[in-house]
Amino acid sequence: MSEKIYRLYPECKDYLWGGERLKTEYGKVTDKTPCAESWELSYHKDGLTKIADGRFLKDVVTKENLGENCDKFEFFPVLIKLIDAKQNLSVQVHPSDEYALKNENSYGKTEMWYIVDAAEGAGIYCGFKRDSSKEEFLKYLAEGKVEELLNFIPVKKGESYFISAGTVHAIGAGCLICEIQQNSNLTYRVYDYNRRGADGKLRELHVDKAVNVIDFKKYSPGKFGDGKTDGERILAECKYFRVRELRLSGEKEFYNDGSFTAITVVSGEGKIECDDFEENFKKGDSYFVSCRAKTKICGTATIILTDVPKA
């Protein structure tokens with residue numbers, strides 16, 4: 001087995017809003033129904049990613065494999081998921097590191113979404129349409145019409161959205177998303193359409209905490225480089241992760257200096273080679289490539305590349 005690259009085997013989640021596309025179209029093998037999420041690259045205790053021999057990725061990867069760009073963190077910085085929203089997800093918000101460390105003994109969560117696929121008319125909620133306030137937000141929430149305050153964005157395949165901690169958001173029904181986020185599972189749910197969980201009870205809300213962390217200003221989307229270089233496009237960058245889209249048509253070699261690279265195939269197929277490792281890939285496959293590994297990929301595919309920036 002190569003120590004430079006690992007095929008990843010995700011932990012899947014059966015949240016009540018999920019569908020079956022991750023199993024039927026993206027090759028996820030699980031007994032869970034529905035299959036709402038697959039945690040493609042995860043060091044988080046709530047869903048650890050495995051490698052081919054059944055060990056957890058976190059137990060085989062070394063500090064050298066991660067690269068020196070990760071040295072600034074006390075924890076593995078990234079968590080990557082595929083999300084299939086058959087129903088609307090709850091309206092929610094994530095706290096910042098500062099708030100979460102003080103109040104939850106956890107890190108917060110900044111994330112980005114890449115739209116892998118979207119049904120006609122599907123969309124997301126991202127922040128507020130206009131400047132709002134705690135008082136107005138609570139009023140609309142009590143009246144069951146909080147969505148009227150939120151910024152609804154119809155989405156299309158191939159688009160991406162950066163969601164800073166403090167931004168109220170929700171994934172709408174019909175979206176299939178690749179989410180790259182901080183390594184955290186901390187969410188404050190504020191509205192859930194009065195849905196009940198498997199136990200028949202209304203799902204827990206966290207409104208009191210949420211209003212302490214929400215950014216009530218009008219939503220302003222993050223802006224990143226739009227230019228393409230050698231088929232690549234930067235989608236998002238923050239201190240925890242850098243995300244690029246690679247439209248592969250033919251062959252590409254890369255050498256990742258300073259950080260590991262996570263490969264998530266969202267469409268197409270091809271072949272990947274690294275060290276003594278060679279394998280055909282298809283959409284839904286994910287790989288961890290160690291720092292300073294030389295990798296060659298060929299085929300026709302759309303691939304999400306995630307690493308940790310130096311700064």
Side-chain angles (χ1 to χ4, degrees), residues 2-8 10 39-45 47-49 51 56-81 94 96-98 100-101 106-114 160 162-165 178-186 222-246 252-266 272-275 277 286-297 303-311:
S2 173
E3 296 180 355
K4 294 183 178 179
I5 183 170
Y6 298 99
R7 166 83 178 273
L8 301 179
W39 291 24
E40 298 292 308
L41 174 61
S42 171
Y43 272 47
H44 199 283
K45 60 182 177 60
L48 293 167
T49 300
I51 61 172
F56 293 124
L57 178 69
K58 74 176 186 65
D59 292 333
V60 299
V61 168
T62 67
K63 181 179 178 181
E64 289 71 28
N65 294 148
L66 294 178
E68 59 267 27
N69 292 359
C70 294
D71 289 348
K72 58 181 177 283
F73 299 109
E74 298 177 0
F75 58 98
F76 186 74
V78 179
L79 200 164
I80 301 175
K81 304 174 181 177
H94 306 303
S96 65
D97 286 346
E98 181 181 12
L101 287 168
S106 170
Y107 286 89
K109 191 197 293 188
T110 285
E111 62 192 22
M112 68 83 63
W113 295 339
Y114 178 86
S160 61
F162 187 78
I163 302 165
S164 301
C178 180
E179 178 178 280
I180 294 90
Q181 58 162 88
Q182 279 182 256
N183 183 7
S184 170
N185 199 27
L186 182 58
K223 294 190 181 299
F224 303 94
D226 293 326
K228 295 183 179 180
T229 303
D230 197 20
E232 290 185 16
R233 178 167 62 104
I234 295 178
L235 303 179
E237 186 168 352
C238 62
K239 68 179 181 179
Y240 302 101
F241 52 76
R242 178 181 65 149
V243 182
R244 293 166 289 159
E245 176 199 57
L246 170 63
K252 182 176 178 64
E253 295 186 359
F254 64 90
Y255 175 79
N256 41 347
D257 188 13
S259 170
F260 70 89
T261 298
I263 293 175
T264 311
V265 184
V266 296
I272 184 167
E273 300 176 27
C274 180
D275 197 24
F277 180 95
S286 292
Y287 299 88
F288 175 97
V289 181
S290 297
C291 180
R292 296 186 179 86
K294 293 181 180 179
T295 308
K296 182 170 75 173
I297 49 179
I303 296 171
I304 302 301
L305 303 171
T306 303
D307 59 14
V308 176
K310 184 175 183 179

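Heads up: numbering here begins at 1 and tracks the sequence.
With Cys178 as the fixed residue, the side-chain contact (heavy atoms from CB on, under 4.5 Å) test singles out one of Thr264, Val265, Leu235: Thr264.
More than 12 heavy atoms of other residues, nucleotides or ligands shown are found within 6.0 angstrom of NZ on Lys72. Heavy-atom contacts from other residues, nucleotides or ligands closer than 6.0 Å to CD of Glu98 number 12 or fewer.
Here the closest heavy-atom approach between residue Ala236 and residue Phe162 is recorded as CB-CD1, 3.8 Å. Scanning both residues, Gly47 and Ser42, for their nearest heavy atoms gives O-OG, 2.6 Å. Considering all non-hydrogen atoms of both residues, Tyr240 and Val78 come closest at O-CG2, 3.3 Å.
With contacts defined as side-chain heavy-atom distances shorter than 4.5 Å, the pair Leu41/Leu57 qualifies. A heavy-atom distance below 4.5 Å is found between the side chains of Ile303 and Ile297. Between Asn65 and Cys291, the closest side-chain pair of non-hydrogen atoms is not below 4.5 Å. Inter-residue side-chain proximity for Ile234 and Glu232 is flagged as unmet; no heavy-atom pair is nearer than 4.5 Å. The shortest side-chain heavy-atom distance between Ile163 and Lys109 does not fall under the 4.5 Å cut-off. Between Lys81 and Gln181 the shortest side-chain heavy-atom distance falls below 4.5 Å. Tyr255 is not listed as a side-chain neighbour of Val289, based on a closest heavy-atom distance of 4.5 Å or more.
You'll find the ring centres of Phe288 and Phe260 inside the 6.0 Å limit.
Residues passing the side-chain hydrogen bond (donor to acceptor under 3.5 Å, both in side chains) test with Asn69, sequence neighbours excluded: none. Here Lys296 pairs with Glu251, Glu253, Glu273 under the side chain to side chain contact (heavy atoms under 4.5 Å, CB included) rule; sequence neighbours left out. Take Asn256 and apply the side-chain hydrogen bond (donor to acceptor under 3.5 Å, both in side chains) test, not counting sequence neighbours, and it matches Thr261. Under the rule for a ring pair (Phe, Tyr, Trp, His ring centres under 6.0 Å), Tyr114 has no partner lying at least two apart in sequence or in another chain. Partners of Asp257 according to the salt bridge (Lys or Arg N to Asp or Glu O under 4.0 Å) rule, which considers only residues two or more places apart in sequence or in another chain, are Arg292. Under the rule for a ring pair (Phe, Tyr, Trp, His ring centres under 6.0 Å), Phe241 has no partner lying at least two apart in sequence or in another chain. Legend: residues meeting side-chain hydrogen bond (donor to acceptor under 3.5 Å, both in side chains) with Thr295, ordered by chain and number and at least two apart, are absent. A search for ring pair (Phe, Tyr, Trp, His ring centres under 6.0 Å) contacts involving Phe56 returns nothing, not counting sequence neighbours. The ring pair (Phe, Tyr, Trp, His ring centres under 6.0 Å) check on Trp113 picks up His169, with sequence neighbours excluded. With sequence neighbours excluded, the residues that form a side-chain hydrogen bond (donor to acceptor under 3.5 Å, both in side chains) with Ser286 are Glu40.
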Go through the steps for Asp97 and Gln182 under the test side-chain contact (heavy atoms from CB on, under 4.5 Å), then give the verdict.
CA-CA 10 Å; Asp97 286 346; Gln182 279 182 256; 3.0 Å; yes
Checking Ile5 against Ile272 for the side-chain contact (heavy atoms from CB on, under 4.5 Å) test, could you report, in this order, the C-alpha distance in whole Å, the side-chain angles of both residues, the deciding distance, and whether it holds?
CA-CA 10 Å; Ile5 183 170; Ile272 184 167; 3.6 Å; yes
Pair Cys274-Lys294, side-chain contact (heavy atoms from CB on, under 4.5 Å): steps then yes or no
CA-CA 6 Å; Cys274 180; Lys294 293 181 180 179; over 6 Å; no
Is there a side-chain contact (heavy atoms from CB on, under 4.5 Å) between Tyr6 and Val61? Walk through the geometry before answering.
CA-CA 9 Å; Tyr6 298 99; Val61 168; 4.3 Å; yes
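Note: His44 and Trp39 have perpendicular aromatic rings, judged against thresholds of 30 and 60 degrees for the angle between ring planes. In this pair, Tyr43 and Phe76 present their aromatic rings parallel. The plane angle is below 30°, not in the 30 to 60° band.
Side-chain atoms of His94 do not come within 3.5 Å of backbone N or O of Thr110 as any donor-acceptor pair. One N or O on the side chain of Ser184 and one on the backbone of Tyr107 form a donor-acceptor pair closer than 3.5 Å. Side-chain atoms of Ser290 never come within 3.5 Å of backbone atoms of Ala293 as a donor-acceptor pair (strictly under, hydrogens ignored). Listed for the Asp275 side chain is no donor-acceptor partner under 3.5 Å among the backbone atoms of Lys4.
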Give the table of side-chain donor-acceptor pairs shorter than 3.5 Å for residues 304-311, with sequence neighbours excluded, one pair per line with atom names and distance.
from: Asp307; atom 1: OD1; to: Arg242; atom 2: NE; distance (Å): 3.0
from: Asp307; atom 1: OD2; to: Arg242; atom 2: NH2; distance (Å): 2.6
from: Asp307; atom 1: OD2; to: Arg244; atom 2: NH2; distance (Å): 3.4

